[in-house]
Amino acid sequence: LKGGWSQLSEGELRYSDLTVGELAIHSRYFDFRFAQQEITWGYGESGQLILSNNTVPYPYLSLSKNWGWFKFIALHAKLQSFWADTLEDGYKVFPDKWLAAHRLELTIKRKLTIGLNECFIYGNRYADWAYLIPFNFYRAVQHKLRDRDNATISIDAEYLVRPGFKLYGTVFLDEFKRKKLGTNWYGNKHAFLFGLWWVDPFKLANFSLRFEYTAIMPWVYTHKYLINAYTSDQRSIGHWAGPNSEVIYLHLQKDWHARLRTGLKLQQYKHGDNYPNENIGGNILQGHATLLGNQQMARETRKFLEGILTQRQTAQLYANYEIFNDFYLKGAMTFGKLKVANTESNYQEYFVGVVLKY
């Protein structure tokens, strides 16, 4: 359900609604979209650092142009905020929350693609006209608007080393100071993802190998004002792992023929959550200035994966079979081991489904 609002009913059943749609206008000059669809920016199969599908799709306006070698996207979206107040008649109040973003994508000689991104979260006010102008430089806009918003920048790149083998990665900068780089200062809030994709490795026909490593430092995606946290409905709009997390991912896949595909996915996830009496940067909804329990002062340093450690290892076996054109039978088995602090547990998940693509 990806954190979407659900309505409880009698017994153990839970019902939830989800709808998506799109109005698109294509012209020789620009493409315009008014939509509620999933958005992903940045590379990664195990998760994306910039914008991901970790949340329920949110509505947005976008203006884009693709010249082939160069692409421009301006985006303004309406995010879901938190429950802030209740009126006398019991009506719940949710303040407005918005995302304004730019992406410039450059392809060089069909081998190297570089993406430059700026994303700004703001709220507790109506949509700001300055952010609605697609060609405004949002970082300058944010300064003019009194530095109230959550400003982030990022760069992602993909390089085709040779046919069948490529490297890719993303660097996400939430906040940093050049003088503090290389230190453990808490304000160096950054994350990075590195990956490779190898098709037909070691001359194994119709086989592919993908590996990814993701590290997200403490307090990444957080903000001193909760309304500006990098979230929609309290879930990260960036990587699902959240701040103070590490993800190692391996995916092996084999196509036996045009209709049958099998694979194995291995993943190790580590996350350091905040202590009850100290904020160490492990909760996306608790900014650096948030004091917990009997904590007297905010931390000035950080330590990666400190805190109440959650570790999860999973192995998933899956198979997809196309019974006839665009009609698929899918199945998966997942075996997992979960350890939270000193408590361990094992679990298994089984999935069978049919998918019709049209």
Side-chain angles (χ1 to χ4, degrees), residues 1-5 39-42 44 46-58 77-84 94-95 97-99 101 117 119-124 148-154 170-176 186-193 214-247 269-293 295 298-299 302-312 340:
L1 298 179
K2 294 184 179 180
W5 186 83
I39 305 171
T40 58
W41 285 8
S46 60
Q48 299 82 36
L49 289 174
I50 307 169
L51 295 177
S52 72
N53 61 358
N54 183 50
T55 66
V56 171
Y58 39 83
K78 180 69 167 64
L79 304 178
Q80 186 73 31
S81 66
F82 53 88
W83 174 19
F94 296 81
K97 183 172 184 176
W98 310 91
L99 163 68
N117 312 270
C119 296
F120 295 79
I121 310 292
Y122 70 100
N124 273 335
R148 293 174 291 168
D149 308 329
N150 188 359
T152 71
I153 59 174
S154 53
T170 302
V171 177
F172 183 92
L173 301 176
D174 192 341
E175 182 181 337
F176 71 98
Y186 81 90
N188 287 335
K189 297 158 55 178
H190 64 271
F192 60 88
L193 180 151
T214 305
I216 309 173
M217 297 299 112
W219 287 293
V220 171
Y221 298 137
T222 69
H223 195 265
K224 61 181 178 180
Y225 304 127
L226 180 57
I227 191 67
N228 292 340
Y230 207 79
T231 62
S232 180
D233 209 1
Q234 302 188 50
R235 289 173 67 93
S236 170
I237 63 173
H239 202 284
W240 57 267
N244 201 24
S245 299
E246 177 188 71
V247 179
Y269 160 70
K270 292 183 179 181
H271 169 71
D273 203 358
N274 288 336
Y275 296 117
N277 293 311
E278 189 173 20
N279 181 356
I280 51 86
N283 189 325
I284 196 171
L285 301 177
Q286 295 173 337
H288 173 256
T290 302
L291 303 180
L292 303 177
Q295 184 179 2
R299 272 278 193 102
R302 64 170 194 201
K303 184 178 180 181
F304 186 46
L305 295 181
E306 183 186 3
I308 301 174
L309 190 62
T310 295
Q311 301 179 72
R312 183 176 68 230
V340 181

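Everything quoted here is computed from the prediction, not taken from an experiment. One is the number of the first residue; the rest follow in order along the sequence.
- When all heavy atoms of Leu193 and Gly47 are compared, the pair lying nearest together is CD1-O, 3.4 Å.
- Expressed to the nearest 0.5 Å, how far CG of Asn117 lies from CG of Leu49 amounts to 10.5 Å.
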**Request:** Carefully, step by step, assess Lys97 and Thr231 under the rule side chain to side chain donor-acceptor pair (under 3.5 Å).
**Result:** CA-CA 10 Å; Lys97 183 172 184 176; Thr231 62; 2.9 Å; yes

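- Using a 4.5 Å heavy-atom cutoff, the side chains of Ser52 and Trp240 are not in contact.
- The minimum heavy-atom distance linking Gly123 with Asn228 is given by the pair N-OD1, 3.6 Å.
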**Pair Trp219-Arg299, side chain to side chain contact (heavy atoms under 4.5 Å, CB included): steps then yes or no** = CA-CA 11 Å; Trp219 287 293; Arg299 272 278 193 102; 3.7 Å; yes

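- At distances below 3.5 Å, not a single donor-acceptor pair connects side-chain atoms of Asp273 with backbone N or O atoms of Leu309.
- In this structure, the side chain of Asn279 does not engage the main chain of Leu292 through any donor-acceptor pair within 3.5 Å.
- At distances below 3.5 Å, not a single donor-acceptor pair connects side-chain atoms of Thr222 with backbone N or O atoms of Val220.
- Sequence neighbours left out, not one pair with a member in residues 218-228 passes salt bridge (Lys or Arg N to Asp or Glu O under 4.0 Å).
- Between Ile227 and Ser81 the shortest heavy-atom distance is CD1-CB, 3.9 Å.
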**Message:** Run Gln234 and Phe82 through side chain to side chain contact (heavy atoms under 4.5 Å, CB included) and show every step you take.
**Reply:** CA-CA 7 Å; Gln234 302 188 50; Phe82 53 88; 4.3 Å; yes

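- Without hydrogens or angle criteria, His271 side chain to Gly282 main chain gives a donor-acceptor distance under 3.5 Å.
- The shortest side-chain heavy-atom distance between Phe120 and Thr152 does not fall under the 4.5 Å cut-off.
- Side-chain contact between Asn188 and Glu175 is absent, with no heavy atoms from C-beta onward closer than 4.5 Å.
- The side-chain heavy atoms of His239 and Gln48, taken from C-beta on, include no pair separated by under 4.5 Å.
- The ring of Phe172 has its center no closer than 6.0 angstrom to the ring center of Trp41.
- Aromatic ring pairs are classed by plane angle as parallel below 30°, tilted from 30° to 60° and perpendicular above 60°; the pair His223 and Tyr225 is tilted.
- Between Gln295 and Asn277 there is no side-chain heavy-atom pair separated by less than 4.5 Å.
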**Asked** Going through the checks in order, is the side chain to side chain contact (heavy atoms under 4.5 Å, CB included) test met by Leu173 and Ser154?
**Response** CA-CA 6 Å; Leu173 301 176; Ser154 53; over 6 Å; no

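- What you find for Ile50 and Gly42 is that their closest heavy atoms are CD1-CA, 3.9 Å.
- The aromatic rings of Trp98 and Tyr122 lie parallel to each other, their planes meeting at an angle below 30°, with 60° marking the opposite boundary.
- Between Gly238 and Asn54, the shortest heavy-atom contact is O-CB, 4.1 Å.
- With rounding to the nearest 0.5 angstrom, the CE atom of Met217 is 5.0 Å from the NE2 atom of His190.
- Other residues, nucleotides and ligands contribute only 12 or fewer heavy atoms inside 6.0 Å of the NZ atom of Lys303.
- Side-chain N or O atoms of Asp149 include none that pairs as donor or acceptor with a backbone N or O of Ala151 at under 3.5 Å.
- Relative orientation of the His288 and Tyr186 rings is parallel, given thresholds of 30° and 60° on the angle between their planes.
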**Request:** For Trp83 and Phe94, run side chain to side chain contact (heavy atoms under 4.5 Å, CB included): C-alpha distance rounded to whole Å, both residues' side-chain angles, the deciding distance at 0.1 Å, then the answer.
**Result:** CA-CA 5 Å; Trp83 174 19; Phe94 296 81; 3.6 Å; yes

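- Side-chain contact of Asn274 with Gln286: a donor-acceptor pair under 3.5 Å is present, judged by distance alone.
- Between Leu226 atom CG and Asn150 atom CG the span is 11.5 Å, to the nearest 0.5 Å.
- The structure places CG of Leu99 at 6.0 Å from CG of Leu51, a figure rounded to the nearest 0.5 Å.
- The closest side-chain heavy-atom distance from Arg235 to Asp233 is not below 4.5 Å.
- Residues Tyr221 and Ser236 meet the side-chain proximity criterion, which asks for heavy atoms closer than 4.5 Å.
- Note: Asp174 CG to Ile216 CD1 = 11.0 Å, rounded to the nearest 0.5 Å.
- Heavy atoms of other residues, nucleotides or ligands lying less than 6.0 angstrom from CZ of Phe304 number more than 12.
- In terms of heavy atoms, Leu291 sits closest to Ala298 at CD2-N, 3.6 Å.
- For the pair Ile121/Leu79, a side-chain contact is recorded, criterion being any heavy-atom separation below 4.5 Å from C-beta on.
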